[in-house]
2 protein chains.
Amino acid sequence: MNTPDYLDQAVNIDKLDEKILKLITQNARIPFLEVARECGVSGAAIHQRVQRLQNIGVVSGSEFIVTPQKLGYNTCAYMGIHLEKAKFHTQVVEALRAIPEVVECHFTTGQYAIFIKIQTKTNKHLKHIIDNYLQEIEGIARTETFMSLEMDFKRQVPIK
Amino acid sequence: MNTPDYLDQAVNIDKLDEKILKLITQNARIPFLEVARECGVSGAAIHQRVQRLQNIGVVSGSEFIVTPQKLGYNTCAYMGIHLEKAKFHTQVVEALRAIPEVVECHFTTGQYAIFIKIQTKTNKHLKHIIDNYLQEIEGIARTETFMSLEMDFKRQVPIK
DNA sequence: TTTGAAAGCATTCCTTA
DNA sequence: TAAGGAATGCTTTCAAA
């Protein structure tokens, strides 16, 4: 039986794990033997540690990072979404998930019920998605848009 | 001489590139030979394609993805920042960059001048950073916070 | 955690289309 | 300009201690 994720808790990570994490979160393709040399342990040790970090969920996978602009995605916006009723939450999230341009979706408290990040090719493309997809979703009352003119930086959570 | 990044433009990507991208953006550690088999080409071809995708900036690198909760980061918030004057922008961004808990920072238009994502261990930790770091930055007039109770999903830009 | 061995992979170069 | 094939040197993986 699995622990439900709302009970997720921090896991014990030692100095070696931290050092490994720092290296592999910067470059997922780094040879484990290179990590091993930097850490002063064997390659097999790194291999087993990384395996364990995956097993206990400290790392959830790896990815090559694409540059949206190079694929023609030049518009980035954040949107706050107001719902008609809180109970629409789940179905709205599922409707949002079906829109590939919605790249991030949060359940929030405060001014909005849902907060999303959306990447489109052009401003027109964004308008098209808002008009034809977002506003059609049942349960959405209204939205507020913040356009990102530039992403200044982006990184992962600090590792100690 | 490099092209400035504000002139970045979409790059020609063929079907093979797309297939490669789909695979390596899901799993940065996938053996190139496996990609090769799935694509029906040689390993050398994949190797050269990935190299090229990096060279032309379509992919900017690779990373293992950490699960913030497992490292004790249980609070996630978005914050809109109002500046006293627009010209403070650069220095404020640099001050924000120096705060490791600020994991994303955008130059925005609309209601806020800057929009950030911030991950902290606890709500108290968030308050501490707002009171002791954010509010101390010269040029910040005031901030508005949206707490994320849950990240429903997160993904990269669609590849065709 | 380590070692050691087997298997598999990345990388390079040269050739071909 | 892009891809295949083959060689070499590494890396990964797995058992055993």
Side-chain angles (χ1 to χ4, degrees), chain A residues 10-73 156 159-160, chain B residues 1-3 5 7-67 70-72 156-160:
Chain A
V11 130
N12 278 335
I13 294 296
D14 66 16
K15 291 286 171 207
L16 179 53
D17 288 323
E18 280 172 23
K19 201 158 180 183
I20 294 169
L21 280 176
K22 275 186 191 157
L23 292 165
I24 69 176
T25 53
Q26 312 244 116
N27 173 11
R29 268 323 259 208
I30 189 174
F32 287 178
L33 279 183
E34 193 177 326
V35 177
R37 282 188 292 271
E38 297 222 26
C39 296
V41 298
S42 72
I46 301 300
H47 183 258
Q48 289 171 46
R49 291 276 185 146
V50 173
Q51 203 77 266
R52 175 175 161 272
L53 289 171
Q54 302 228 50
N55 290 341
I56 62 183
V58 171
V59 306
S60 62
S62 63
E63 39 182 58
F64 268 87
I65 311 300
V66 314
T67 307
Q69 289 80 359
K70 293 288 184 175
L71 296 185
Y73 285 81
Q156 292 199 61
I159 296 162
K160 272 287 166 17
Chain B
M1 208 172 106
N2 289 330
T3 309
D5 69 352
L7 291 180
D8 259 12
Q9 55 181 335
V11 129
N12 278 333
I13 294 294
D14 65 16
K15 291 286 171 209
L16 179 54
D17 288 321
E18 280 171 24
K19 200 158 180 183
I20 294 169
L21 280 176
K22 275 186 192 156
L23 291 165
I24 69 178
T25 53
Q26 312 239 121
N27 172 12
R29 262 331 246 207
I30 190 174
F32 288 177
L33 280 182
E34 192 177 326
V35 177
R37 283 187 292 269
E38 296 222 26
C39 296
V41 298
S42 71
I46 300 299
H47 185 258
Q48 288 171 49
R49 291 275 185 146
V50 174
Q51 202 77 266
R52 175 175 161 274
L53 289 170
Q54 302 230 48
N55 290 342
I56 63 182
V58 171
V59 305
S60 62
S62 63
E63 41 183 54
F64 268 87
I65 311 301
V66 314
T67 308
K70 293 288 184 175
L71 295 185
Q156 291 200 64
V157 133
I159 296 163
K160 273 287 169 8

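Every chain is numbered from 1 and lettered A, B, ... according to where its sequence line falls, protein lines coming before strand lines.
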Report summary line: Whole-Å distance, A/Gln54 CD to D/dT12 C1', equals 14 Å
Requested in this report: Using heavy atoms and a sub-4.0 Å distance, could you list which residues of residues 32-39 of chain A are near DNA chain C? By number, please.
Outcome: none
Query raised in the report: If you round to the nearest 0.5 Å, how far is CD1 of B/Ile159 from CG of A/Leu71?
Result: 6.5 Å
Requested in this report: Measure the distance from CZ on A/Arg29 to P on D/dT11 and round it to the nearest whole Å.
Outcome: 13 Å
Requested in this report: Quick one: pull up CZ in B/Arg37 and OG in B/Ser42 and give me the separation to the nearest 0.5 Å.
Outcome: 12.5 Å
Query raised in the report: So, is A/His47 close to the D/dT12 phosphate, meaning a side-chain N or O under 4.0 Å from OP1 or OP2?
Result: no
Query raised in the report: Using 4.0 Å as the upper bound for N to carboxylate O, is an ion pair formed by A/Lys160 and A/Asp17?
Result: no
**Report entry** Euclidean distance, atom CD1 of residue A/Ile46 to atom P of C/dT3 [Å, nearest integer]
**Finding:** 13 Å
Query raised in the report: Quick check: does any side chain N or O of A/Lys70 sit under 3.5 Å from a backbone N or O of B/Leu53, one acting as donor and the other as acceptor?
Result: no
Tabulate below the donor-acceptor pairs under 3.5 Å that side-chain atoms of residues 22-32 of chain B make, not counting sequence neighbours, or state none.
from: B/Thr25; atom 1: OG1; to: B/Leu21; atom 2: O; distance (Å): 2.6
from: B/Thr25; atom 1: OG1; to: B/Lys22; atom 2: O; distance (Å): 3.4
from: B/Asn27; atom 1: OD1; to: A/Ser62; atom 2: OG; distance (Å): 3.4
from: B/Asn27; atom 1: OD1; to: B/Arg29; atom 2: N; distance (Å): 2.9
from: B/Asn27; atom 1: OD1; to: B/Ile30; atom 2: N; distance (Å): 3.4
from: B/Arg29; atom 1: NH1; to: A/Ala28; atom 2: O; distance (Å): 2.7
from: B/Arg29; atom 1: NH1; to: A/Ile30; atom 2: O; distance (Å): 2.7

Report task. Working to the nearest 0.5 Å, report the span between CD1 of B/Ile20 and CD1 of B/Ile13. Result -> 9.5 Å
Query raised in the report: Can you tell me if B/Ser60 uses its side chain to pair, donor with acceptor, with the backbone of A/Thr67 under 3.5 Å?
Result: no
Between the protein and nucleotides 2-5 of chain D, are there any N/O to N/O pairs under 3.5 Å, and if so, what are the atom names and distances?
from: D/dA3; atom 1: OP1; to: B/Arg49; atom 2: NH2; distance (Å): 2.5
from: D/dA3; atom 1: OP2; to: B/Arg49; atom 2: NE; distance (Å): 2.9
from: D/dA3; atom 1: OP2; to: B/Arg49; atom 2: NH2; distance (Å): 3.4
from: D/dG4; atom 1: OP2; to: B/Ser42; atom 2: N; distance (Å): 2.6
from: D/dG4; atom 1: OP2; to: B/Ser42; atom 2: OG; distance (Å): 2.6

Query raised in the report: Counting only N and O atoms by type, is there a donor-acceptor contact under 3.5 Å from the side chain of A/Gln156 to the main-chain atoms of B/Phe64?
Result: yes
